[in-house]
Amino acid sequence: MLRGFYTAAAGMLTQQRHAEMLSNNIANANTPGYKSDRAAIRAFPEMLLSRIETKNGVTNISEVGSVNTGVYMQELIPLFTQGDIRATDLPTDVALVEEVVPIHEETNLKGTLFFAVETGNGEVKYTRNGHFTIDEQGRLTMAGNPVLSVAGTPIIIEGNNFTITPEGEVLENGQYTGQTIDIRFEDDVRNLVNEGNGLFRTADGTELPSAIGNGNVQYVLRQGYIERSNVDVARAYTDMLTAYRSFEANQKVLQAYDRSMDKAVNEIGRIG
């Protein structure tokens, strides 16, 4: 009987976390470059129950059987597909458009490209959010994080008449400034960890290699455009309803077990 409590409760917790993930995806549907999460839901491994008894100084172990406490959300997996490209006509908006990105042999998943930015503590993080601004120091930034050049230094914009070529070169009044926006490449997306606020890092803390000069990768930068999120809003709402219905089903099972336990304790076990 108690096993049913565990199974139903595990199902409720899993669907609650699933709904929270879907809510976050829907909330970021209009966030530039946002990559939607997917839930990896797994059945909890079976556990073997044993009874340990000690009698006359002798310990005996006997198997009771196996128990499975239901399902759990193992992890959130970002989906790194290309979002739609939308024109904004803002010179500081830059869309990273993937043309050729190799598929990882082991996972059969396509790799991904990023802008490299420097956070306040000096760490290098990665983003697809190309909604840039220029701060008071003339640095091209994403949410306050300077966008890095191939040289590893922040991109500096000195005037209003600047352009960014499809290769990422920064021009001022038509002249090359010696700065090129760096694009990083990750072939195995399993190595990426979502930091929030549109930023990613590597699981082992190493920096991603530059995609510039990589003959297996092709991309273009489009100034005045933005990459939208890859959230499928219609599907997210459908999955949300499914999660709520599954939650309610597990809730009803839990209530049924509770009524059965109440009857067993207060009626069946009554004496006289």
TODO: Would you please say whether a donor-acceptor pair under 3.5 Å links the side chains of T92 and T133?
DONE: no
Task: D93 and Y225: CA distance, side-chain angles, deciding distance, side-chain contact (heavy atoms from CB on, under 4.5 Å) verdict - done: CA-CA 6 Å; D93 282 347; Y225 290 81; over 6 Å; no
Open item on the list: Using a strict threshold of under 4.0 Å (side-chain N to carboxylate O), is an ion pair present between E227 and K35?
Closed with: yes
TODO: Only counting residues at least two apart or in another chain, list the ones meeting side chain to side chain contact (heavy atoms under 4.5 Å, CB included) with L79.
DONE: S36, R38, T81, N230
TODO: Nearest 0.5 Å please: distance from the CE atom of M240 over to the CZ atom of R235.
DONE: 14.0 Å
- [ ] List, by chain and number, the other hydrophobic cluster members for V124, where Ile, Leu, Val, Met, Phe, Trp and Tyr join if side-chain heavy atoms come within less than 4.5 Å, directly or indirectly.
- [x] F80, L109, F114, Y126, L148, V189, L192, F200, L208
TODO: Please report the shortest heavy-atom distance between L113 and E98, naming the atom on each side.
DONE: N-OE2, 3.4 Å
Output a table of donor-acceptor pairs, distance under 3.5 Å, between side-chain atoms of residues 248-256 and any protein atom two or more places apart or on a different chain; print 'none' if there are none.
{"residue": "N250", "atom": "ND2", "partner": "S246", "partner atom": "O", "Å": "2.8"}

Open item on the list: To the closest 0.5 Å, what do you measure between CG (N129) and CZ (R228)?
Closed with: 13.5 Å
Task: N30, CG: over 12 other non-hydrogen atoms inside 6.0 angstrom - done: no
- [ ] Would you kindly say whether N121 and T119 are connected by a side-chain donor-acceptor distance under 3.5 Å?
- [x] yes
Open item on the list: Quick check for you: to the nearest 0.5 Å, what is the distance between I226 atom CD1 and H131 atom NE2?
Closed with: 6.5 Å
Task: With E169 via side chain to side chain contact (heavy atoms under 4.5 Å, CB included) - residues at least two apart - done: T165, Y176, T180
TODO: Apply side chain to side chain contact (heavy atoms under 4.5 Å, CB included) to N28 and list each qualifying residue two or more places apart in sequence or on a separate chain.
DONE: N24, T31, Y34
Task: P154 to P146 - nearest heavy-atom pair and separation - done: CB-CB, 3.8 Å
Open item on the list: Tell me whether E106 is salt-bridged to R190, with the criterion being a basic N under 4.0 Å from an acidic carboxylate O.
Closed with: yes
- [ ] Could you pull out the closest heavy-atom pair between Y219 and A211, with the gap in Å?
- [x] CE2-CB, 4.2 Å
Task: Worked check of side-chain contact (heavy atoms from CB on, under 4.5 Å) between I41 and H18 - done: CA-CA 9 Å; I41 298 177; H18 190 197; 4.2 Å; yes
Task: Donor-acceptor pair, side chain of T14 and main chain of V71, under 3.5 angstrom - done: yes
TODO: Report yes or no: does R128 contribute a side-chain atom to a donor-acceptor pair with the main-chain N or O of F115 at less than 3.5 Å?
DONE: no
Task: Check: E99 main-chain N/O paired with Q218 side-chain donor or acceptor under 3.5 Å - done: no
TODO: State the OG-CD1 distance between S149 and I155, to the nearest 0.5 angstrom.
DONE: 4.5 Å
TODO: May I ask you to check whether over 12 heavy atoms, not counting those of F247, lie within 6.0 Å of atom CZ?
DONE: yes
Task: In one Ile/Leu/Val/Met/Phe/Trp/Tyr side-chain cluster, 4.5 Å: I181, V97 - done: no
- [ ] Over all heavy atoms of both residues, which pair between M142 and N197 is shortest? Give the atoms and the distance, please.
- [x] CE-O, 4.3 Å
- [ ] Please round to the nearest 0.5 Å and tell me the distance separating atom CG of L76 and atom CE of M21.
- [x] 6.5 Å
Open item on the list: Test salt bridge (charged side-chain N to carboxylate O under 4.0 Å, His left out) on E186 and K110; report intermediate values, then the result.
Closed with: CA-CA 9 Å; E186 174 58 79; K110 191 174 70 171; over 6 Å; no
- [ ] Take L171 and I164, measure what side-chain contact (heavy atoms from CB on, under 4.5 Å) needs, and give me the verdict at the end.
- [x] CA-CA 6 Å; L171 309 181; I164 297 173; over 6 Å; no
Task: Side-chain ion pair, D182 and R184, N-O less than 4.0 Å - done: yes
TODO: Answer yes or no: does atom CD of Q175 have more than 12 heavy-atom neighbours from other residues, nucleotides or ligands under 6.0 Å?
DONE: no
Task: Heavy atoms of other groups near D258 CG, more than 12 under 6.0 Å - done: yes
Task: Electrostatic pair K125:E195 at N-O distance under 4.0 angstrom - done: yes
Open item on the list: Could you work out, with side chain to side chain contact (heavy atoms under 4.5 Å, CB included) as the rule, every residue matching D204, not counting sequence neighbours?
Closed with: N191, T202, T206
TODO: Kindly say whether A143 contributes a backbone atom to a donor-acceptor pair with the side chain of T141 at under 3.5 angstrom?
DONE: no
Open item on the list: Is it the case that the side chain of D239 and the backbone of A236 share a donor-acceptor pair, with hydrogens and angles ignored and the cut-off at 3.5 Å?
Closed with: no
Task: Heavy-atom side-chain contact between V101 and T112 under 4.5 Å - done: no
TODO: Please step through side-chain contact (heavy atoms from CB on, under 4.5 Å) for the pair N108 and H104, ending with a clear verdict.
DONE: CA-CA 5 Å; N108 201 33; H104 193 267; over 6 Å; no
